[in-house]
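Every chain is numbered from 1 and lettered A, B, ... according to where its sequence line falls, protein lines coming before strand lines. Note that the structure is predicted; figures quoted are calculated from it, not measured.
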Number of protein chains: 2
Amino acid sequence: MAMDGEGMREMAAGAAAGGRFSGMPLMAVRPGSAAAPAAGGGSTLSLTAGETLYAEGEPAEHWYEVVAGAVRACKLTPDGRRQVVEFHLPGDVFGLDEVDGVRGLTAEAAAAEGRTVVIRRCRRRLESMAEADPRFARRLHEMALRRLARAHARLVLLGRNGAVERVAAFLLEMEARMPRSDAGPGGFCLPMTREDVADHLALTTETVSRTLQMLRRRGAIALPGLRLVRILDRRALQGLGEAAPMPAAPLPMRGASAPGRRLLAA
Amino acid sequence: MAMDGEGMREMAAGAAAGGRFSGMPLMAVRPGSAAAPAAGGGSTLSLTAGETLYAEGEPAEHWYEVVAGAVRACKLTPDGRRQVVEFHLPGDVFGLDEVDGVRGLTAEAAAAEGRTVVIRRCRRRLESMAEADPRFARRLHEMALRRLARAHARLVLLGRNGAVERVAAFLLEMEARMPRSDAGPGGFCLPMTREDVADHLALTTETVSRTLQMLRRRGAIALPGLRLVRILDRRALQGLGEAAPMPAAPLPMRGASAPGRRLLAA
DNA sequence: CGTTGGATTGAGTTATCTCAATAGAAGTGG
DNA sequence: CCACTTCTATTGAGATAACTCAATCCAACG
């Protein structure tokens, strides 16, 4: 599920350099500086948790790249409910999905511990590049299609899976996307609160907590710290995360029977 | 939420004519013929309910336009569960969302009553057109972004809304997208079974049935026939369907000139 | 006119939510 | 450096929306 990584990072670097996908490494930035100039003419923004980069309905004038921390892209309902459509992690590029030049999502810094750092660049430049270079335009298009496929996978996850499966899939995705820094092998640090996770998986914080503890008691994961997770039994999590495509050609034996539900008991 | 309509139809006609968005009307086709030549060099396929156009994982060599009936685009899980990601209705174009040339979804004829008729055309031609004409390529890209926005809206619907709200939103969307033929004003015919609806809204057929009957008893809708629906109190349904983004600020999909605007009109 | 598949209705079960309380970190200021 | 506040996370108990299983109804069709 982690598709932002490679392609986008490469593209971002390329765009930053004003050339084509040269793979130029990103410049390091000082966290704490409010808005410093960055590589390739963009500016570096440092945000505290909760700060919003842009809101749904606003005109879209920039695009962004995450340097540190995390950004949540969400939809907000009038009554205060929230659906985190996607998390943007270091290396990810976002803010390119606008229809008619208007934001369809709200982007806020999500990171816990430490500030969230992003590089902001002008869409105008990107667009003129796309006009000039068809291959670049095609690249942008492919990125959009990838995000679409991702959204489809998430629809299955939310529509057809229980809490355990959602959490398991989420942990596997995060493990794949996060830099493997703390907590040893298979270990990583969640850059968001339980509430963010809950709003992403369409659960409550309580259910997320309970499910995590349940997976821990089962020996599938360890929780060395509040935000730290270590995968102990990847196989077990994958078995649950099965919102997967399909093997050969299962006939429409539409039982619609609940799947891994049973596995909840432990 | 109904965005396939305008833009796509226009594009399809343009593509069919081999030119650029001339707005040429589509040719009528004889339902019942298995695979007849169609306008613009495509072929017309006539399908009975359940027939599949393509399956997840297959190479993507064609794209399609719905002429009559309906097509469901779904994800299937190994254990037989199903999530209908999207319904394609007459006038809609689909089969363009592939990543790496491989189908991410399965497309099957969904229509009840009568056959489903689609026009099939080669992707190759479309791609060479996109390469030749940047404006055409941009159009394709915009379509993808629109579908992405739609998927995001659906994520909210599935993640943050109850059964009543899902069904209400679905009815409003279908009313906006379906030709207003039967059942008088605000009336239309659902081109799919309850099971399809259930698999789309991530509910069970029983819950869909119960919810429809509940809305009927409340006076929000009438159900003149098995597949016929008439909206009686649009206001009531809209109040429920509010998976919507934000009250005050300009709304992305429901504001201004977005085709889905019809959803709120009348 | 009986068969068949979809649709509806009913009764009981359960996964998740809600409400409420506790516990643990992190940060603040005296 | 230690109380104090504050925020986040966990845990418990009861409520509920949706699911499951099962029966019935209905329309289309041979």
List, with names and distances, any nitrogen or oxygen atoms from the protein found under 3.5 Å away from nitrogen or oxygen atoms belonging to nucleotides 7-11 of chain C.
unit_1 : atom_1 : unit_2 : atom_2 : d
C:dA7  : OP1    : B:R194 : N      : 3.3
C:dA7  : OP1    : B:R227 : NE     : 3.2
C:dA7  : OP1    : B:R227 : NH2    : 3.3
C:dA7  : OP2    : B:R194 : N      : 2.9
C:dT8  : OP1    : B:R194 : NH2    : 3.1
C:dT8  : OP1    : B:Q213 : NE2    : 3.0
C:dT8  : OP2    : B:R194 : NE     : 2.6
C:dT8  : OP2    : B:R194 : NH2    : 3.4
C:dT8  : OP2    : B:S209 : OG     : 2.4
C:dT8  : O5'    : B:S209 : OG     : 3.3
C:dG10 : N7     : B:R210 : NH1    : 2.8
C:dG10 : O6     : B:R210 : NH2    : 3.4

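One interatomic measurement links the two molecules: CG of A:L190 to C1' of D:dT10, which rounds to 16 Å at whole-angstrom precision. In this structure, A:E165 places its CD atom 8 Å from P of C:dT16, rounding to the nearest Å. Atom CZ in B:R160 sits about 14 Å away from atom P in D:dA18, given to the nearest Å. The CE atom of A:M214 sits 14 Å away from the P atom of D:dT10 (whole-angstrom rounding).
The ring-ring contact (aromatic ring centres under 6.0 Å, His included) test applied to B:Y64 returns B:Y54, B:F94, not counting sequence neighbours. Residues passing the ring-ring contact (aromatic ring centres under 6.0 Å, His included) test with A:H200 are A:F87, A:F170, sequence neighbours excluded. When the salt bridge (Lys or Arg N to Asp or Glu O under 4.0 Å) test is applied to B:R218, no partner is found at least two apart in sequence or on another chain. Not counting sequence neighbours, the partners of A:A198 by the side chain to side chain contact (heavy atoms under 4.5 Å, CB included) test are A:T205, A:V208. Legend: residues meeting side chain to side chain contact (heavy atoms under 4.5 Å, CB included) with A:T207, ordered by chain and number and at least two apart, are A:A163, A:L203, A:T204, A:T211.
Backbone-only contact: A:A202 has heavy atoms under 4.0 Å from sugar-phosphate atoms and none from a base. The residue A:A49 sits apart from the nucleic acid: no heavy atom pair falls under 4.0 Å.
In the model, B:R115 has a side-chain atom that pairs as donor or acceptor with a side-chain atom of B:S46 under 3.5 Å.
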